[in-house]
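Data block below; observations after.
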Amino acid sequence: MGERGLSITSDHVTGAPAGGTGCSGASRALPGRRRAWRRRLTGLLFAAPATALVAVFVLYPVIGTFRISLTDWDGFSPDRTFIGFANYSSMFADSVFWDSVGRNVLYIAGLFVAVTIGFLIAVLLWTRPRGWVVFRTVFLVPEMMGASIVGIIWLQLWQPVSGGLAAIGKALGIPFLASSPLANPQWAIIVLVLTQVWASTGFYVVISLGGLQNIDPNLLDAASVDGASRLQRLWHVVIPQMRPYLALMTMLAGIAGLRAFDLVWIMTAGGPGNATQLLGTSAYTMAFSRNEFGQAGAIAMTIVVLALVFTAITGRSNTRES
Amino acid sequence: MPAGPPPPRPRRRISMSRESVRFAPTWVTYVVMIGMFLIISFPIVWLLITSLRTRQEYIEDPLGWPSWAFSNFVDAWNTAHFSTYVPNSLIYMVSVVLVTLVLASAAGYGLARFDFPGRPALIVSFVIALTIPFSSIMFSVYDVVAGFGLLNTRVAIVTVAVAMGLPFATFYMRAFFVGIPEELSEAARLDGASELGVFFRVMLPLARPGLLTLSVFSGLWAWSMYIEPLLLATTDQLRSVSLGLAFFSSEYAGANQPMIAAGIIIIVAPLVVVSVAVQRHFVDGMTAGAIK
């Protein structure tokens, strides 16, 4: 699932799917100090196994990545010489790095386009036209398949000569389709971005539909009575009401863009040359093709920092507005 | 206090007749919907048709009608070593789902119902963990796994996959437990139930819809898992279906398109069937998880 970890930006994100607003029993006073102490221990014990796993395999690796980034480790030999921030300065001096940053921005922009299209389609589906559930199901299929399988499928469609799109291009006289754009340094990244848009739009349709469900239609009625046009209703009523959802989808899209790996790796592995390297793939290439784990660590830390900054910005604007 | 499952989430149904939520003429809506339907289903339909044609037919005309060449499926199954990858992925899927359910519901319950030292810090670190892309920590994960001597083991692949999904799963389950009335567990405690008893006999049964949705989520993730086995296993024996399929399809690309198409269909068909069957859970989970 490309967008693993859709969700939840702060503590009060509870909202029970099944029960409305429950209140946490944590603050409930209990008689006896010993019982209170026992309760605390119980809570800790319940949370401990998951915490341990996340700490060892997700949180520690962030520190571990940072430590690796300060060395010249090749990934295999026992010696890891500390070289300070040398990996970072060579990274910042490397044009391949900056190109991959630029491409990653383009990739995220593509996901923002998917958010926009998804939102607009959801607005159209708001009237629940006949058969909309069927359409919603189909729209979700790419998301459920996961980025890797999406990549595998589209790679086959784009096969030069023998692929489906090449055949269609030949039949209909569209030379572009038959020109194997995935092998073209200029077009490859565009094709990847479009594939990602294909894969993600349905997901944003569904999230947007969930948001629209919570808008009171009376607001729109009132606006209609006041003579607001469709566009005005969309702009002045729907979009402000949807702001938390739009902020959330922006955050998810940004993180998904920084996370992007499977689809790109399967379809182009960063090639041709380095023409489709994103941050994630260039870190992987650096580590496993060139055995420069230290350098890869520096790129990886860039991804971590960008992801955290991005979450902080969108999360904050979200809470401020709501 | 009446026992029983928490009330269903109230849903605002918007009637079709409401003119103010109509932002385009109905025909525009249908054109857009059908357009998107075609764009999304096109690759899958192409694969399906291709998978049913012989290699020779495909070479002569890649766009012809299917001739019901089911042998492609047998060829793909054998050539692509699916008899290794499919059991692998089933093992990964079942283990990831079970471990995720146990750990996430325990942690979600702990966070929802108990105050303990370090709880706020724990929540913050789970939120951070939620945003960390796997592609950025994989070298260190590789390092950690190697340090435990677990490279090339199923345990490592499952553990890492579970750990990556846990922050989301924990928050998701926590939201469920927060919605269950406190009185129910208090009553059970007064009846002498242990904390574990309260959790297993009272809370978990009430959180069943959440557990179901979470299984769907983590099961789909685990089935299409790609990067974990790519990173942590060098042997062909441990590959997941996605990884195996990726190798297989690039190996035979151009040479035998119908066989590749059949291979992809073998992996995708169960996904699509399951997706359609459980899509309500999926949508609910996604909407609830994403927003609240």
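Naming convention: chains lettered A, B, ... in sequence-line order (proteins, then strands); numbering from 1 in each chain. This is a predicted model, so every value here is computed, not measured.
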Problem - F139(B): ring pair (Phe, Tyr, Trp, His ring centres under 6.0 Å) partners, not counting sequence neighbours - result: F293(A)
Handout entry: Part of L234(A) lying under 4.5 Å from any heavy atom of chain B
Key = both
Handout entry: Option that, when pairs with chain B are counted at under 4.5 Å, heavy atom only, ranks first among G297(A), A223(A), A222(A), G163(A)
Key = G163(A)
Problem - Minimum side-chain heavy-atom gap I137(B)-F57(A) below 4.5 Å - result: no
Exercise for the section: Check whether any side-chain heavy atom of W126(A) sits under 4.5 Å from a side-chain heavy atom of I215(A), and report yes or no. Expected result: yes
Exercise for the section: Counting only heavy atoms closer than 4.5 Å, note whether V56(A) contacts chain B via side chain, backbone, both or neither. Expected result: both
Exercise for the section: Determine yes or no for a side-chain-to-main-chain donor-acceptor pair under 3.5 angstrom, with Y30(B) supplying the side chain and R130(A) the backbone. Expected result: yes
Fill in the blank from the handout: If one checks every heavy atom of Y284(A) against chain B at 4.5 Å, the contacting part turns out to be both
Exercise for the section: Can you tell which part of V32(B) gets under 4.5 Å to a heavy atom of chain A, answering side chain, backbone, both or neither? Expected result: side chain
Handout entry: chain A interface, residue from I40(B), T29(B), L103(B) that has the most non-hydrogen pairs under 4.5 Å
Key = I40(B)
Fill in the blank from the handout: So, the part of L122(B) with a heavy atom under 4.5 Å from chain A: the answer is side chain
Problem - Minimum side-chain heavy-atom gap M225(B)-S242(B) below 4.5 Å - result: no
Problem - Top contributor to chain B interface from S224(A), A52(A), G164(A) [non-hydrogen pairs under 4.5 Å] - result: G164(A)
Exercise for the section: Under 4.5 Å heavy-atom distance to chain A, tell me which part of M36(B) shows up: side chain, backbone, both or neither. Expected result: both
Exercise for the section: Ignoring hydrogens and angles, state whether a donor on the side chain of N214(A) or Y245(A) is under 3.5 Å from an acceptor on the partner side chain. Expected result: yes
Exercise for the section: Measure I59(B) against the heavy atoms of chain A and call it side chain, backbone, both or neither at under 4.5 Å. Expected result: neither
Completion exercise
Honestly, the part of T281(A) sitting under 4.5 Å from a heavy atom of chain B is neither
Practice task
Using a cut-off of under 4.5 Å on heavy-atom pairs, state which of I299(A), V225(A), V238(A), I68(A) scores highest against chain B.
Solution key: I68(A)
Handout entry: Which atoms of V304(A) approach chain B - backbone, side chain, both or neither, heavy atom under 4.5 Å
Key = both
Practice task
Identify which part of L157(A) has an atom lying under 4.5 Å from any heavy atom of chain B, answering side chain, backbone, both or neither.
Solution key: both
Handout entry: Heavy-atom pair count under 4.5 Å with chain B, highest-scoring of W265(A), F261(A), F139(A)
Key = F139(A)
Practice task
Please report the C-alpha distance between V145(B) and F148(B) in whole Å, then the side-chain angles of each, then the deciding distance to 0.1 Å, and finally whether the side-chain contact (heavy atoms from CB on, under 4.5 Å) criterion is met.
Solution key: CA-CA 5 Å; V145(B) 169; F148(B) 285 124; 5.8 Å; no
Problem - Option that, when pairs with chain A are counted at under 4.5 Å, heavy atom only, ranks first among A107(B), P120(B), G118(B), G110(B) - result: A107(B)
Handout entry: Part of F288(A) lying under 4.5 Å from any heavy atom of chain B
Key = side chain
Handout entry: Region of T51(A) in contact with chain B, defined by heavy-atom distances below 4.5 Å
Key = both
Practice task
Mind ranking A106(B), S41(B), S105(B) by heavy-atom pairs under 4.5 Å with chain A and telling me who comes out on top?
Solution key: A106(B)
Handout entry: Partner chain B: residue of V141(A), L155(A), I168(A) with the largest heavy-atom pair count (under 4.5 Å)
Key = I168(A)
Practice task
Can you tell which part of I152(A) gets under 4.5 Å to a heavy atom of chain B, answering side chain, backbone, both or neither?
Solution key: both
Completion exercise
In terms of heavy-atom pairs under 4.5 Å with chain A, the winner among A163(B), P43(B), S249(B) is P43(B)
Handout entry: Any pair counted as salt bridge (charged side-chain N to carboxylate O under 4.0 Å, His left out), so long as it reaches residues 123-147 of chain B, sequence neighbours left out
Key = R80(A)-D143(B)
Handout entry: Salt-bridge present (R189(B), E195(B); N to O < 4.0 Å)
Key = yes
Exercise for the section: Just give me the residue among Q159(A), R38(A), R67(A) that pairs up with chain B most often, heavy atom to heavy atom, under 4.5 Å. Expected result: Q159(A)
Practice task
Go through the atoms of T26(B) and report whether side chain, backbone, both or neither lie under 4.5 Å from a heavy atom of chain A.
Solution key: neither
Fill in the blank from the handout: Cut-off 4.5 Å, heavy atoms of chain A, and the answer for V272(B) is side chain
Practice task
Heavy-atom distances under 4.5 Å only: say whether A171(A) touches chain B with side chain, backbone, both or neither.
Solution key: side chain
Exercise for the section: Check whether the ring centres of F114(B) and Y109(B) lie less than 6.0 Å apart, and answer yes or no. Expected result: yes
Fill in the blank from the handout: Residue from G108(B), S136(B), A261(B), A24(B) scoring the most non-hydrogen pairs under 4.5 Å with chain A is S136(B)
